[in-house]
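Remember, it's a predicted structure, so these values are computed and weren't measured experimentally. A, B, ... follow the sequence lines: proteins, then strands. Residue 1 opens every chain. Atom set for the values below is all heavy atoms of this structure, side chains included, hydrogens, waters and symmetry mates excluded.
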Number of protein chains: 2
Amino acid sequence: MYCENQSSRSMPVKHSLVLDGEKGELVQASGRIGKKIGVPETKTIAALKSHSEAERRRRERINAHLATLRGLVPNNEKTDKATLLAEVISQVKQLRATARRASEGLHIPMDADEVHVEIVEHNGGDGSFLLRASLCCDYRPDLLSDIRQAINDLHIQVLKSEICTLGGRVKTVFLVTTGERDKDGAAGLEVLVSSVRGALSKILDKVSASAEYALDLFSPRKRQRVS
Amino acid sequence: MYCENQSSRSMPVKHSLVLDGEKGELVQASGRIGKKIGVPETKTIAALKSHSEAERRRRERINAHLATLRGLVPNNEKTDKATLLAEVISQVKQLRATARRASEGLHIPMDADEVHVEIVEHNGGDGSFLLRASLCCDYRPDLLSDIRQAINDLHIQVLKSEICTLGGRVKTVFLVTTGERDKDGAAGLEVLVSSVRGALSKILDKVSASAEYALDLFSPRKRQRVS
DNA sequence: TCCGACACGTGATGC
DNA sequence: TGCATCACGTGTCGG
């Protein structure tokens, strides 16, 4: 709600005191105000002085916090106060969004092999994005290490991973984003999507190929069951 | 870095113009300054007017962003500017921390049954915390739904879940926190830890009990293999 | 009465 | 030169 500040704008009041001297001493202005002051001017002077000092301390507190925020948000070392605050609210919004996305639904593996990559969110402003990639296939012992290797090769950051198994089938869902912000926008995003899709498809093909001749100990009948 | 502001503090300059009238009109003060101005006073007046208007617009931008932040951060509707900024930097810090925690190591299930609950992080300032809970046991079809049910009953928020299977064994690791901030601090935290531990132990016992008489299709030999 | 928080207008400074 | 940003001191309001 703040202050209504109506009165101060419509009735600004004449200045009666003025700052002078080398070190911020307050003296009485040449005002024509007939305010009958006999002696207590020194008291008013002191009051104004402490007032301005308090105001300066308040400003220092606020600016200190702004400096902290400037250090917290990446490389806005010399931007405006206003744009700095704008970047901060953008950061908070997207952090909250990703934190919320990180706790959502659980999926169960189906009987058909599947590779799926979709763009959950793409913030054009700072080039950040959110990808959901899923792979559904038969389980094999080195599946997880293969996936892990693919993630390392793609240089992406995994926000959330669900690895869900059901009767020899496994479905893995990854929520991924870029490690730090890069500015190549929608173009680089598309190639990244296809890269992720290609890597997962490669893992899927490796499953099928090895299943051709290798005997897996724990896999039940292959790929057909009740839907 | 900002402005050095040395000069403006040590030499504040005498006021020569003064605000007057009902609606913010600028007039010349009664100053004894002999600045020989013939006509261009109106220009200076207009300049000062546009100046103050621009400054007001700047203030409005900054305050609008502050209001947005005030709406974004939970229930700080009428706090100071300074404390609001302090809360914002706290929010950003903890959001970044949890986002970083959410992408860490992957675990593989071992041969011994295990329930583990530990406090990863406890922020005494706002009562928020971060718990890592893990359960390692044999796989059974309704294990995941049991875990999901336990999470719902505990009223906790899952930031990250890893469900990793290896040869009939499954290890699930959860990174959990409180849904929204509650202020009961360390006391409630301890009871929550033991609640989580108890719920997971219950799930573990149910596995062993059902394994007594039921024939699981996919489980290999029970609980002993190479370490 | 005093103290803290705000909005305001203003001079200085950098582009 | 003007234009935008900043720190400053001050008036005002509420507790």
Side-chain angles (χ1 to χ4, degrees), chain A residues 1-29 31 33 35 40 43-67 70 76-86, chain B residues 1-29 31 33 35 40 43-67 70 76-86:
Chain A
M1 211 57 64
Y2 304 105
C3 182
E4 289 306 320
N5 78 20
Q6 295 277 13
S7 58
S8 78
R9 283 194 56 182
S10 58
M11 187 51 189
V13 185
K14 304 161 177 51
H15 289 65
S16 60
L17 286 174
V18 138
L19 205 52
D20 197 316
E22 294 292 326
K23 217 34 179 140
E25 307 161 10
L26 290 158
V27 299
Q28 193 142 20
I33 303 163
K35 204 151 192 300
K43 287 190 58 176
T44 310
I45 306 288
L48 272 184
K49 181 173 178 178
S50 76
H51 183 30
S52 65
E53 283 174 355
E55 178 65 11
R56 168 154 49 239
R57 282 194 296 270
R58 171 178 170 270
R59 275 194 301 262
E60 283 171 359
R61 280 209 320 272
I62 295 179
N63 286 334
H65 287 152
L66 285 177
R70 200 178 255 103
N76 290 111
E77 295 261 339
K78 42 189 169 185
T79 60
D80 292 38
K81 276 182 189 175
T83 58
L84 166 68
L85 288 177
Chain B
M1 211 70 56
Y2 303 106
C3 180
E4 289 306 319
N5 77 20
Q6 295 278 14
S7 58
S8 77
R9 284 193 52 183
S10 57
M11 188 50 190
V13 187
K14 303 162 176 51
H15 289 65
S16 60
L17 286 174
V18 137
L19 206 52
D20 197 314
E22 295 292 326
K23 213 47 176 127
E25 309 160 10
L26 290 159
V27 299
Q28 194 143 19
I33 304 164
K35 205 152 191 303
K43 288 191 56 176
T44 311
I45 305 288
L48 272 185
K49 181 173 179 177
S50 76
H51 183 31
S52 64
E53 283 175 356
E55 177 66 10
R56 166 154 45 240
R57 282 194 295 272
R58 170 179 171 270
R59 276 192 299 259
E60 282 171 0
R61 280 210 322 272
I62 295 180
N63 285 335
H65 286 152
L66 285 177
R70 198 177 258 103
N76 290 112
E77 294 260 340
K78 42 189 170 185
T79 60
D80 292 42
K81 275 182 191 175
T83 57
L84 167 68
L85 288 177

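- Distance CD1 (Ile62(B)) to P (dA4(D)): 14 Å, rounded to an integer number of Å.
- Minimum interatomic distance between Leu66(A) and Leu84(A) (heavy atoms only, all atoms of both residues): O-CD2, 3.7 Å.
- When rounded to the nearest whole Å, the span between CD of Glu53(B) and P of dT5(D) equals 15 Å.
- Closest-nucleotide positions on DNA chain C for Ala82(B) and Arg59(B) were compared, and the one nearer the 5' end corresponds to Ala82(B).
- Not one side-chain nitrogen or oxygen of Arg56(A) sits closer than 4.0 Å to the OP1 or OP2 atom of dA7(D).
- Residue Arg57(B) contributes atom CZ, which lies 14 Å from atom C1' of dG9(C) at whole-angstrom precision.
- One atom, NZ of Lys49(A), and another, P of dC8(D), lie 15 Å apart when rounded to the nearest Å.
- Per the geometry, NE2 belonging to His51(A) stands 13 Å off P belonging to dC6(C), to the nearest Å.
- Rounding to whole angstrom units, CG of residue Leu48(A) and C1' of dC3(C) are separated by 14 Å.
- Using a 4.0 Å cut-off between a side-chain N of Lys or Arg and a carboxylate O of Asp or Glu, Arg58(A) and Glu55(A) qualify as a salt bridge.
- Regarding Glu60(B), its CD atom lies at a distance of 16 Å from the P atom of dC6(C), rounded to whole Å.
- Residue Glu55(A) has its side chain nearest to dC6(C) when only dT10(C), dT5(D), dC6(C) are considered.
- Across all strands, Arg61(A) comes closer than 4.0 Å only to sugar-phosphate atoms, never to a base (heavy-atom distances).
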- Task: For Thr83(A) and His65(B), run side chain to side chain contact (heavy atoms under 4.5 Å, CB included): C-alpha distance rounded to whole Å, both residues' side-chain angles, the deciding distance at 0.1 Å, then the answer.
- Result: CA-CA 9 Å; Thr83(A) 58; His65(B) 286 152; over 6 Å; no
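- Between the CZ atom of Arg70(A) and the OG1 atom of Thr79(A) there is a distance of 5.0 Å, given to the nearest 0.5 Å.
- Rounded to whole angstrom, the span from the NE2 atom of His65(B) across to the P atom of dT5(D) amounts to 12 Å.
- In this structure, Lys81(B) reaches the dA7(C) phosphate: one of its side-chain N or O atoms is under 4.0 Å from OP1 or OP2.
- A distance of 8.0 Å separates CG of Asp80(B) from CD1 of Ile62(A), quoted to the nearest 0.5 Å.
- If you check dC6(C), dA7(D), dC6(D) against the side chain of Asn63(A), the one that comes closest is dA7(D).
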